[in-house]
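Chain naming here is simple, since letters A, B, ... match the order of the sequence lines and numbering starts at 1 in each.
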2 protein chains.
Amino acid sequence: MLTDERHQLIRDRLAAEGRVLAGELASRFGVSEDTVRRDLREMAKAGQCRRVYGGAVAAAPFAAAPVSLRGGHAVEEKMRLARAAVALLSSGQSLFIDGGTTNAAIASAIPRDLELTIATNSLSVASALSDHALVELIVLGGRFDRDLGTCVGADTLAAVAQLGADLFFLGSCGLDASRGVTAFDSAEAEVKRAMARNSAGIVIAVTNDKLATAAPYRVAGPEAIRHLVVEKTAPAAILADFEHQGAEIHFA
Amino acid sequence: MLTDERHQLIRDRLAAEGRVLAGELASRFGVSEDTVRRDLREMAKAGQCRRVYGGAVAAAPFAAAPVSLRGGHAVEEKMRLARAAVALLSSGQSLFIDGGTTNAAIASAIPRDLELTIATNSLSVASALSDHALVELIVLGGRFDRDLGTCVGADTLAAVAQLGADLFFLGSCGLDASRGVTAFDSAEAEVKRAMARNSAGIVIAVTNDKLATAAPYRVAGPEAIRHLVVEKTAPAAILADFEHQGAEIHFA
DNA sequence: CTGCTTCTTGCACAAACATGCAAAACATGC
DNA sequence: GCATGTTTTGCATGTTTGTGCAAGAAGCAG
């Protein structure tokens with residue numbers, strides 16, 4: 001087991017339960033308690049937890065986030081979601097992928113031996129796919145929106161209208177079991193709607209903080225979600241609601 | 001087994017599993033662990049993974065790839081050309097910029113206080129401009145050509161046809177005082193021709209090795225070149241020919 | 001205070017590491 | 001054809017890093 005993995009697992013447990021015990025972690029990982037204590041000491045120094053007698057507790061969320069790997073937090077989580085999401089893919093499929101950091105992570109996690117046709121209006125998704133030799137990449141052009149990192153507007157809509165896809169990876173949205181998928185921007189929502197209309201199924205991968213949030217512009221109803229990729233620690237009650245609407249739940 | 005193949009396989013495993021072990025890769029590939037470590041070191045330097053003790057883990061997707069001025073050599077020269085080329089710009093202009101590493105350098109050299117409208121079919125140019133707040137950026141979409149790094153084809157042509165520009169920064173081409181501007185690829189040449197048709201003037205910035213070379217597909221006659229940006233060491237005889245055809249010469 | 005657990009520190013050892021070097025494979029030029 | 005230079009690889013070398021163990025210090029409960 002890599003040291004880094006162990007740290008990651010400890011972070012997971014801290015996020016899920018708020019505290020960890022040194023002895024318990026030691027037997028779980030199959031290492032000595034000394035090693036766990038050393039891990040906890042390092043993580044505490046990095047501000048990722050607070051050391052207490054017998055183990056450690058989750059760090060205060062507002063205090064010190066010195067290492068923000070730009071693009072923000074939850075990098076590890078998003079990459080795990082991405083790896084789970086690409087498991088839905090198989091050769092020969094065609095995809096729409098829109099913007100958002102999670103979708104960028106998904107794009108870079110796509111195995112290079114899959115033969116896919118991918119259309120995207122996101123610059124970072126396109127960049128991530130630009131060296132996938134077997135991917136037929138279609139860039140959906142138009143006016144570039146700096147805040148979203150994607151192309152939007154009439155030209156983009158026209159480009160989407162000419163295409164169809166098996167799956168639509170819908171990103172950076174609000175998500176709610178009753179209101180469905182919602183977006184924060186009118187032009188953004190319009191493009192998402194067009195992509196949803198022209199694809200057979202919608203895939204959404206979200207971190208816990210996006211679950212049960214809503215934004216002003218409606219994109220698609222909850223019943224339109226075919227696959228929902230979530231963290232292992234996602235609240236079961238919320239997931240059940242989506243499942244009743246026909247969504248298939250996948251855990252990262 | 002080729003070094004490059006090995007790198008590719010490592011990237012695949014990283015995308016699929018999120019981590020790799022040096023020893024495991026060594027036995028799988030039938031090479032020494034030293035070789036694998038060298039691979040991982042190089043890939044980490046290129047931002048394709050993060051090195052940890054015992055192996056490597058997948059890199060954060062958003063951190064990497066600023067503007068990969070790959071092609072490696074002549075980086076300094078291209079930056080000098082770029083700085084000279086952006087001197088031609090002034091606020092309020094609209095531009096076409098197509099592909100090539102020199103154009104990517106030009107894009108990243110554009111001052112952030114210029115208010116411009118820029119349309120490009122190049123991913124790296126678009127990425128370089130994605131944080132220029134005053135630039136209205138229009139992405140010319142279409143089928144992405146991996147070798148060129150640009151979008152080409154019918155969709156791209158249609159998008160170009162809707163636009164006009166003051167200047168067209170034409171890149172990655174052959175250049176000859178009698179034959180004019182030529183391209184290596186049919187689809188590429190088509191897009192360049194469309195951009196040339198819809199712009200008032202053509203700007204070409206080239207390193208010495210591109211001067212007096214020709215490619216199969218004709219893009220524009222030598223008389224269409226308005227500005228030619230060259231190195232100080234460019235052969236005077238060749239420059240004189242272009243000057244006779246009406247080009248304005250700028251030295252980097 | 002006494003006994004217990006948990007923690008830190010120092011140390012030893014093995015695994016992983018970077019570095020330098022030489023052999024082999026390859027391309028290049030005379 | 002032969003010499004030369006470059007790239008890649010494996011091996012030998014010291015060095016660094018992670019880990020476990022032991023001993024002492026520090027926290028906690030009765």
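In terms of position on DNA chain C, the residue among A:R38 and A:G55 whose nearest nucleotide sits closer to the 5' end is A:G55.
In this structure, B:E33 pairs ionically with B:R37, as a charged nitrogen and a carboxylate oxygen lie closer than 4.0 Å.
We find that CZ of A:R41 is positioned 16 Å from P of D:dT17, with the value rounded to whole Å. Between the CG atom of A:L2 and the P atom of D:dT17 there is a distance of 16 Å, rounded to whole Å. Between A:H7 atom NE2 and D:dT17 atom P the separation is 14 Å, expressed in whole Å.
Judged as a side-chain contact (heavy atoms from CB on, under 4.5 Å), and not counting sequence neighbours, the contacts of B:P222 are B:Q245. Take A:T233 and apply the side-chain contact (heavy atoms from CB on, under 4.5 Å) test, not counting sequence neighbours, and it matches A:A16, A:N208, A:E231. Every residue meeting the side-chain contact (heavy atoms from CB on, under 4.5 Å) condition with B:S178, not counting sequence neighbours, appears here in chain and number order: B:D176. Listed by chain and number, the residues in a side-chain contact (heavy atoms from CB on, under 4.5 Å) with B:D12 are A:R112, B:Q8, B:L9 (sequence neighbours excluded).
Crowding of A:R28 atom CZ: a count of heavy atoms from other residues, nucleotides or ligands under 6.0 Å not exceeding 12.
DNA chain C lies under 4.0 Å from at least one heavy atom of each of the following residues of residues 15-33 of chain B: B:A22.
No N or O donor and acceptor, one from the side chain of A:R6 and one from the base of D:dG18, sit under 3.5 Å apart.
Within the structure, the ring-ring contact (aromatic ring centres under 6.0 Å, His included) test picks out the following pairs touching residues 226-248 of chain B (sequence neighbours left out): B:H227-B:H250. Applying the ring-ring contact (aromatic ring centres under 6.0 Å, His included) test to residues at least two apart or on different chains, none of the pairs has a partner in residues 19-49 of chain B. Every pair passing salt bridge (Lys or Arg N to Asp or Glu O under 4.0 Å) that includes a residue from residues 13-26 of chain A is listed here, sequence neighbours excluded: A:R13-A:E17, A:R13-A:E24. Residue pairs meeting the salt bridge (Lys or Arg N to Asp or Glu O under 4.0 Å) criterion with at least one partner in residues 180-196 of chain B, sequence neighbours excluded, are B:D98-B:K192, B:E188-B:K192.
When the side-chain nitrogen and oxygen atoms of A:T35 are compared with OP1 and OP2 of D:dG20, one or more of them lie within a distance under 4.0 Å. For A:T3, no side-chain nitrogen or oxygen approaches OP1 or OP2 of D:dT17 to under 4.0 Å.
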Reading 5' to 3' and counting Watson-Crick or G-U wobble pairs with both distances under 3.5 Å, write the dot-bracket notation for DNA chain C, | for bases paired outside the strand.
||||||||||||||||||||||||||||||
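Interatomic distance, CG of A:L140 versus OG of A:S122, reported as 10.5 Å (0.5 Å rounding).
No hydrogens or angles considered: nothing links the side chains of B:T207 and B:K78 as a donor-acceptor pair under 3.5 Å. For the residue pair B:T35 and B:S32, a side-chain donor N or O sits within less than 3.5 Å of a side-chain acceptor on the partner.
Backbone-only engagement by B:V52 is indicated by non-hydrogen atom pairs under 4.0 Å involving sugar-phosphate atoms exclusively.
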If the sugar-phosphate is the primed atoms plus P, OP1 and OP2 and the base is the rest, what is the B/S/- string for nucleotides 23-30 of chain D, using protein heavy atoms under 4.0 Å?
----B---
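You can see that DNA chain C meets the heavy atoms of chain A within a 4.0 Å-exclusive cut from C:dT5 to C:dT9, reading 5' to 3'.
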